[in-house]
Enquirer: 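Questions regarding the structure given below will be posed in turn.
Here the structure is a predicted model, which means the values were calculated and not measured. A, B, ... follow the sequence lines: proteins, then strands. Residue 1 opens every chain.
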Number of protein chains: 4
Amino acid sequence: MNDLIISKKELILDAAIKIFARHGYYGSRVSDITEEAGIAYGLVYRYFRSKDDVLISIFQDRWNRYLKKIEQINRDLSDPKEKLRSIIQYIFRSYRQNPDMMKVLIMDVPRLDKFYEQDSQGLYNRVFEKIATIVKQGQDKGIFNKEISPILGAYMLHGAVDAIIRQYVYNPNELKKRKISIRNARDHIIDFLVQGFSITSESKD
Amino acid sequence: MNDLIISKKELILDAAIKIFARHGYYGSRVSDITEEAGIAYGLVYRYFRSKDDVLISIFQDRWNRYLKKIEQINRDLSDPKEKLRSIIQYIFRSYRQNPDMMKVLIMDVPRLDKFYEQDSQGLYNRVFEKIATIVKQGQDKGIFNKEISPILGAYMLHGAVDAIIRQYVYNPNELKKRKISIRNARDHIIDFLVQGFSITSESKD
Amino acid sequence: MNDLIISKKELILDAAIKIFARHGYYGSRVSDITEEAGIAYGLVYRYFRSKDDVLISIFQDRWNRYLKKIEQINRDLSDPKEKLRSIIQYIFRSYRQNPDMMKVLIMDVPRLDKFYEQDSQGLYNRVFEKIATIVKQGQDKGIFNKEISPILGAYMLHGAVDAIIRQYVYNPNELKKRKISIRNARDHIIDFLVQGFSITSESKD
Amino acid sequence: MNDLIISKKELILDAAIKIFARHGYYGSRVSDITEEAGIAYGLVYRYFRSKDDVLISIFQDRWNRYLKKIEQINRDLSDPKEKLRSIIQYIFRSYRQNPDMMKVLIMDVPRLDKFYEQDSQGLYNRVFEKIATIVKQGQDKGIFNKEISPILGAYMLHGAVDAIIRQYVYNPNELKKRKISIRNARDHIIDFLVQGFSITSESKD
DNA sequence: AATGAATGAGGTTTCATTCAT
DNA sequence: GATGAATGAAACCTCATTCAT
């Protein structure tokens with residue numbers, strides 16, 4: 001029973017994601033959010049300090065889950081390749097389940113000054129460190145190319161994944177034209193990136 | 001002689017880059033730009049339709065050059081690996097020469113509604129098509145893995161490069177901590193991406 | 001026994017005085033008052049019609065006491081000079097006992113629209129009439145200068161006293177610099193004002 | 001010709017005085033001011049930092065003139081009694097010429113936090129020091145009672161004058177009832193206050 | 001009586017754009 | 001072309017008041 005009751009905070013956050021995804025953060029009015037949520041204008045300010053705060057909360061809520069997911073993947077799997085594959089799959093799954101959320105995370109969050117403050121950057125960096133650690137494990141195990149800086153690898157992995165998703169969100173025609181489905185794309189990316197990390201005959205030279 | 005005279009339009013564009021880089025597009029006022037340029041408040045509107053238009057002009061100016069550069073690389077080099085290497089080097093060189101410009105291109109341009117209108121997307125897509133064509137050449141020559149969609153490869157390449165540059169711009173401490181210089185990073189990326197594209201013993205199976 | 005129980009109304013009033021004194025009427029939120037009083041947000045509205053009403057109640061509570069005090073002074077003393085002296089002493093004593101209250105009475109009450117409505121002005125004017133009557137008595141007894149309008153005298157007396165207290169409240173450094181204590185000031189004022197009313201060689205001309 | 005052109009700043013200030021006098025500072029909207037001035041909404045913010053700033057400017061403009069007037073009185077007259085008389089006359093004349101202005105100065109200015117900042121308090125205190133100096137001169141000349149602290153005298157003088165004017169502004173019925181005209185009042189006050197300062201037979205004892 | 005979540009009107013300020021000179 | 005004063009729409013946030021529990 002209690003599970004059915006969505007907290008007001010959650011309600012606002014969900015509405016904000018929908019609205020931000022539609023018009024972008026700067027194109028969205030607080031009143032759009034409250035209207036979407038079916039609540040009174042001022043109520044947002046009982047749960048959030050400001051409009052900024054709503055956006056940052058979306059980021060933090062989501063990236064905390066992401067961090068936990070990575071930790072879980074770390075526990076459940078042992079092969080670094082599988083771990084990276086799992087992370088990428090998770091990102092794509094998140095996109096399919098809530099494309100609006102992903103849109104907001106990719107397009108709106110990084111525009112916000114507050115995102116670059118200590119608090120959020122800490123969380124942001126922690127995620128990349130975790131991914132870098134996985135790369136490092138692969139290197140130690142002799143699976144991944146030792147030439148690659150683990151942290152740079154983590155950034156590149158994310159950059160590549162984000163770029164693809166961004167195309168699906170904002171420029172889908174180019175991909176439809178070529179008949180590349182999102183699942184297709186995901187598998188390409190996994191192959192490409194995992195291979196990028198791997199030791200090959202060439203890099204063995 | 002004429003080359004020494006910077007047109008007013010150019011003057012405004014240069015000032016805008018500096019200002020947008022500093023405070024972001026939404027954090028910048030038109031008056032900030034004119035002040036930086038040392039011109040009258042309203043003059044921007046003689047050269048540009050709107051504030052949006054200024055940002056889009058920066059994008060178009062730059063990406064037209066970028067397109068030409070890729071075409072030149074295409075003419076001058078024949079090895080697809082070398083071509084991609086050259087493109088990546090060009091992007092990093094551009095960043096080193098004008099980091100503000102790159103900041104604006106990565107952070108502000110893609111977050112502007114107008115960027116997703118026909119006009120700009122045409123230019124944007126043309127660049128990615130060119131890069132995709134290079135990947136295709138590599139595949140036809142038996143150098144690149146045929147499994148990879150050329151267009152996805154192009155997006156990933158750019159996404160990875162952008163992600164790294166974004167870290168240098170917004171989160172440099174993490175990279176300084178690890179003593180990874182920008183040139184270092186560039187070479188890592190080149191190795192990683194070019195290998196990602198390449199046929200390897202593994203992908204040959 | 002009942003005397004020890006402070007009614008909720010009283011509790012709110014005391015909290016309001018503290019809060020209004022600190023931030024001024026317009027700078028104080030109803031929630032500040034309830035927080036200070038340690039009661040629920042909405043409870044103020046069970047005891048008062050509005051925020052205005054709280055301030056007006058402070059005024060009325062206090063000025064009713066003040067009126068009674070003046071009446072008592074009128075009964076207990078006979079010399080008009082002594083009466084005025086007593087009134088001034090009472091005001092200063094009130095200030096010393098509850099400076100916050102005086103701050104509110106001097107600064108907030110007279111700047112509230114509602115204060116100028118019939119209801120409060122009646123009480124306000126009754127006090128000044130009482131003081132004017134004392135001046136009149138002095139004139140009739142040949143002690144006070146008949147040239148002075150009693151009501152104007154009453155206003156001036158209060159204006160002078162209020163001005164001094166206001167300085168102690170808002171600009172105490174100027175008085176500290178000159179080492180004038182509040183009791184000092186009180187005695188000066190009494191002398192000055194009582195003399196102002198008195199018949200002198202000059203005014204006898 | 002130039003004299004006929006009122007600067008925009010002046011225009012706004014005049015409108016603000018009218019509006020503040022009518023509804024009080026907190027009851028006045030910036031749009032009321034611009035409407036009264038017949039100008040665009042945002043123009044206020046080209047000439048003033050904020051609504052606060054408009055009110056403070058009124059105070060500073062006026063009190064700077066007041067200070068100059070006192071200085072002029074100081075130069076032109078020699079008898080301290082005459083000087084005080086002149087100051088009081090000046091205040092009453094100001095009131096008659098622009099009652100709205102006086103209303104604002106008495107009722108709105110002292111409510112404003114900014115008024116208590118260094119800048120405005122400096123000006124405020126300088127005026128009182130000047131008046132105190134005149135009292136001191138009178139004491140040195142053997143005309144004024146040495147018992148009175150000059151600065152307290154200055155405060156009392158102003159407090160008494162302000163109190164009377166306030167009654168004319170907000171509570172005129174009480175004075176009309178008693179048929180006391182404003183000029184009447186002025187002369188009473190002058191007599192009362194100047195006598196308050198003077199050496200009398202009584203204070204000579 | 002007590003609580004505090006919910007309401008929503010209202011006002012300040014910002015700033016892109018226009019326009020008279 | 002150049003200037004910068006003028007315009008006014010737009011939106012965030014506050015907070016007095018109400019109301020369901």
Enquirer: Between E:dT18, E:dT13, F:dA16, which nucleotide gets closest to the side-chain atoms of D:Ser50?
Expert: E:dT13
Enquirer: Rounding to an integer number of Å, can you tell me how far C:Ile33 CD1 sits from E:dG4 C1'?
Expert: 16 Å
Enquirer: Shorter than 3.5 Å, N or O on both sides, protein versus nucleotides 7-10 of chain E: list them out with atom names.
Expert:
{"residue": "E:dT7", "atom": "OP2", "partner": "A:Ala40", "partner atom": "N", "Å": "2.8"}
{"residue": "E:dG8", "atom": "N7", "partner": "A:Gly42", "partner atom": "N", "Å": "3.0"}

Enquirer: Would you kindly give the NZ-to-P distance between D:Lys114 and E:dT12, to the nearest whole Å?
Expert: 14 Å
Enquirer: Count the heavy atoms of every other residue, nucleotide or ligand shown that sit under 6.0 Å from NZ of B:Lys18, and state whether that count exceeds 12.
Expert: no
Enquirer: Which residues satisfy the side chain to side chain contact (heavy atoms under 4.5 Å, CB included) test with D:Asp113, sequence neighbours excluded?
Expert: none
Enquirer: Just the rounded figure in Å: distance from P of F:dA16 to CG of C:Asp53.
Expert: 14 Å
Enquirer: NA contact type, A:Tyr47, heavy-atom cut-off 4.0 Å: base, sugar-phosphate, or nothing?
Expert: sugar-phosphate
Enquirer: Which residue lies toward the 5' end of DNA chain F, C:Lys51 or A:Asp52, if each is placed at its nearest nucleotide?
Expert: A:Asp52
Enquirer: Do B:Asp108 and A:Arg111 make a side-chain contact, defined as non-hydrogen atoms from C-beta onward lying under 4.5 Å apart?
Expert: yes
Enquirer: Does any part of the side chain of C:Leu43, heavy atoms only, come nearer than 4.5 Å to the side chain of C:Thr34, both counted from C-beta?
Expert: no
Enquirer: Which part of the nucleic acid does D:Thr34 contact within heavy-atom distance under 4.0 Å: base, sugar-phosphate only, or nothing?
Expert: nothing
Enquirer: Any heavy-atom pair between the side chains of D:Pro110 and C:Met107 that's under 4.5 Å?
Expert: yes
Enquirer: Does the side chain of C:Tyr45 get closer than 4.0 angstrom to OP1 or OP2 of F:dT17 through an N or O atom?
Expert: yes
Enquirer: Without decimals, in angstroms, what is the distance between A:Arg49 CZ and F:dT14 P?
Expert: 11 Å
Enquirer: Between A:Tyr116 (side chain) and B:Asn171 (backbone), is there a donor-acceptor pair under 3.5 Å?
Expert: no
Enquirer: Under 3.5 Å for both pairing distances: what stems, at least three Watson-Crick or G-U pairs long, include DNA chain F?
Expert: E:2-21 with F:2-21
Enquirer: DNA chain E: D:Tyr25 or B:Tyr26, which has the more 5' nearest nucleotide?
Expert: D:Tyr25
Enquirer: Roughly, in whole Å, what's the span from NZ in B:Lys9 to C1' in F:dG1?
Expert: 15 Å
Enquirer: May I have the distance from D:Ile12 (atom CD1) to E:dT12 (atom C1'), rounded to whole angstrom?
Expert: 15 Å
Enquirer: Quick one: C:Phe48 CZ to E:dA1 P, roughly how many Å, whole number?
Expert: 13 Å
Enquirer: So B:Phe20 and B:Lys103, do their side chains get closer than 4.5 Å, heavy atoms only?
Expert: no
Enquirer: Between F:dT7 atom P and D:Glu35 atom CD, what is the distance in whole Å?
Expert: 13 Å
Enquirer: Looking only at the side chains, is there a donor atom on one of B:Tyr25 and B:Asp52 sitting less than 3.5 Å from an acceptor on the other?
Expert: yes
Enquirer: Do C:Phe115 and C:Leu55 touch side chain to side chain, with heavy atoms closer than 4.5 Å?
Expert: no
